[in-house]
Amino acid sequence: ILNLSYIDASYANVLINSDNATGNVQLTNCLFHDNNKVVYEYAGVDISIDSCRFTNNYYGIDGHRGTIISNTIFDNNYYGLYSVYEITVNNCTFLNNIEAGISCKYSWEGIIQNSKFIANNIGLEFAVSNGSTPDQINNNIISCNNIGFKIYYCWWTSNISGNTFR
């Protein structure tokens with residue numbers, strides 16, 4: 001396990017590239033700003049992110065799977081989360097992201113709950129996947145976005161309930 005806490009990291013093309021690695025990475029109380037990509041990965045490492053802030057990046061997280069994110073703020077990025085799958089997002093805030101707070105338009109399997117999507121172009125865009133478990137989008141606040149939800153490829157069951165749209 002690699003634990004990174006209280007890191008202030010900026011101006012990287014790719015800050016954490018965990019492609020084809022194995023193991024676990026834990027990011028806690030970190031600030032990531034003015035990067036192209038903070039986390040980039042398509043297989044391998046499980047990442048837990050808690051109480052961090054991703055601001056003024058192009059991609060907060062690009063292409064990651066198996067990520068658990070809680071109590072984290074994604075603000076003023078182009079994409080907060082992009083092309084992520086098999087994720088759990090709990091009690092996070094996506095604010096003023098230029099394109100989308102979360103963009104999973106090709107495939108995803110995940111849980112997004114108790115989070116806020118405020119003043120993004122698109123709050124949350126996703127494909128309803130054919131994963132082994134239903135996607136869950138529950139108890140979120142979706143407010144003042146140009147588009148709150150944008151759904152692609154509805155070929156499976158999702159549980160979407162208790163969300164507040166303003």
Side-chain angles (χ1 to χ4, degrees), residues 1-127 129 131 135-145:
I1 296 176
L2 174 63
N3 293 306
L4 300 173
S5 297
Y6 298 98
I7 303 290
D8 182 340
S10 59
Y11 301 106
N13 183 37
V14 178
L15 189 62
I16 299 170
N17 184 345
S18 58
D19 205 16
N20 296 316
T22 59
N24 297 309
V25 174
Q26 296 178 346
L27 305 174
T28 308
N29 296 305
C30 296
L31 172 62
F32 303 107
H33 60 96
D34 301 296
N35 298 287
N36 182 41
K37 294 179 183 180
V38 177
V39 176
Y40 173 75
E41 192 263 348
Y42 280 89
V45 175
D46 290 331
I47 295 182
S48 297
I49 300 169
D50 185 37
S51 302
C52 293
R53 183 174 178 197
F54 293 74
T55 187
N56 297 320
N57 303 292
Y58 193 86
Y59 298 102
I61 297 174
D62 178 15
H64 200 269
R65 72 179 181 115
T67 302
I68 299 171
I69 306 167
S70 57
N71 308 308
T72 294
I73 298 170
F74 293 85
D75 66 311
N76 297 307
N77 303 290
Y78 197 80
Y79 290 102
L81 305 178
Y82 179 78
S83 195
V84 292
Y85 54 103
E86 295 177 16
I87 62 165
T88 299
V89 175
N90 186 43
N91 198 36
C92 292
T93 300
F94 297 86
L95 176 67
N96 291 321
N97 292 290
I98 295 167
E99 185 55 32
I102 298 178
S103 177
C104 311
K105 56 185 165 181
Y106 303 108
S107 173
W108 85 296
E109 182 178 327
I111 299 169
I112 300 172
Q113 61 190 8
N114 306 313
S115 294
K116 298 176 185 175
F117 297 85
I118 302 169
N120 304 286
N121 181 43
I122 301 169
L124 171 61
E125 64 180 347
F126 62 97
S129 72
D135 303 316
Q136 298 178 37
I137 302 172
N138 302 317
N139 304 317
N140 299 290
I141 296 172
I142 298 126
S143 177
C144 301
N145 300 286

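Just the heavy atoms: all of them, side chains too, but no hydrogens, waters or symmetry mates, feed the values below.
Rounded to the nearest 0.5 Å, atoms CG (Asn56) and CG (Asn76) are 5.0 Å apart. Here the straight-line distance linking atom CD of Gln113 with atom CG of Asn91 works out to 9.5 Å at 0.5 Å rounding. Of the inter-residue distances, the one linking Asn120 atom CG with Ser103 atom OG reads 11.5 Å to the nearest 0.5 angstrom. Between the CG atom of Asn35 and the CG atom of Asn57 there is a distance of 4.5 Å, given to the nearest 0.5 Å. Here the SG atom belonging to Cys30 is positioned 9.5 Å from the CG atom belonging to Leu15, to the nearest 0.5 angstrom. The CD1 atom of Ile98 sits 12.5 Å away from atom CD1 of Ile122, with the distance rounded to the nearest 0.5 Å.
For Asn114, the side chain to side chain donor-acceptor pair (under 3.5 Å) test picks out Asn90, with sequence neighbours left out.
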* Asked: Would Val89 and Leu81 satisfy side-chain contact (heavy atoms from CB on, under 4.5 Å), going step by step from the backbone distance to the final call?
  -> CA-CA 10 Å; Val89 175; Leu81 305 178; 4.0 Å; yes

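A donor-acceptor pair shorter than 3.5 Å can be found between the side chains of Asn29 and Tyr6. No side-chain donor from either of Asn96 and Asp75 sits under 3.5 Å from a side-chain acceptor of the other.
Screening Val38, Ile69, Ile47, Ile87 against Ile61 for a side chain to side chain contact (heavy atoms under 4.5 Å, CB included) leaves a single residue, Ile69.
Taking the six-membered ring for Trp and thresholds of 30 and 60 degrees, Phe74 and Phe54 have nearly parallel ring planes, at less than 30 degrees apart. Taking the six-membered ring where the residue is Trp, Tyr58 and Tyr79 present perpendicular rings, their angle passing 60° and hence far from 30°.
Across all their heavy atoms, Ala100 and Glu125 have their closest contact at CB-OE2, 4.2 Å.
A donor-acceptor pair under 3.5 Å is absent between the side-chain atoms of Asp50 and the main chain of Thr28, judged by distance alone. In this structure a side-chain-to-backbone donor-acceptor pair under 3.5 Å is missing from Asn77 to Tyr59.
Side-chain contact between Leu124 and Ile112 is present, with at least one heavy-atom pair separated by less than 4.5 Å. Contact check for Val39 versus Phe32: no side-chain heavy atoms found under the 4.5 Å cut-off. The shortest side-chain heavy-atom distance between Ile102 and Asn97 does not fall under the 4.5 Å cut-off. Leu27 is not listed as a side-chain neighbour of Thr72, based on a closest heavy-atom distance of 4.5 Å or more.
Among residues at least two apart or in separate chains, there is no salt bridge (Lys or Arg N to Asp or Glu O under 4.0 Å) pair with a member in residues 87-99.
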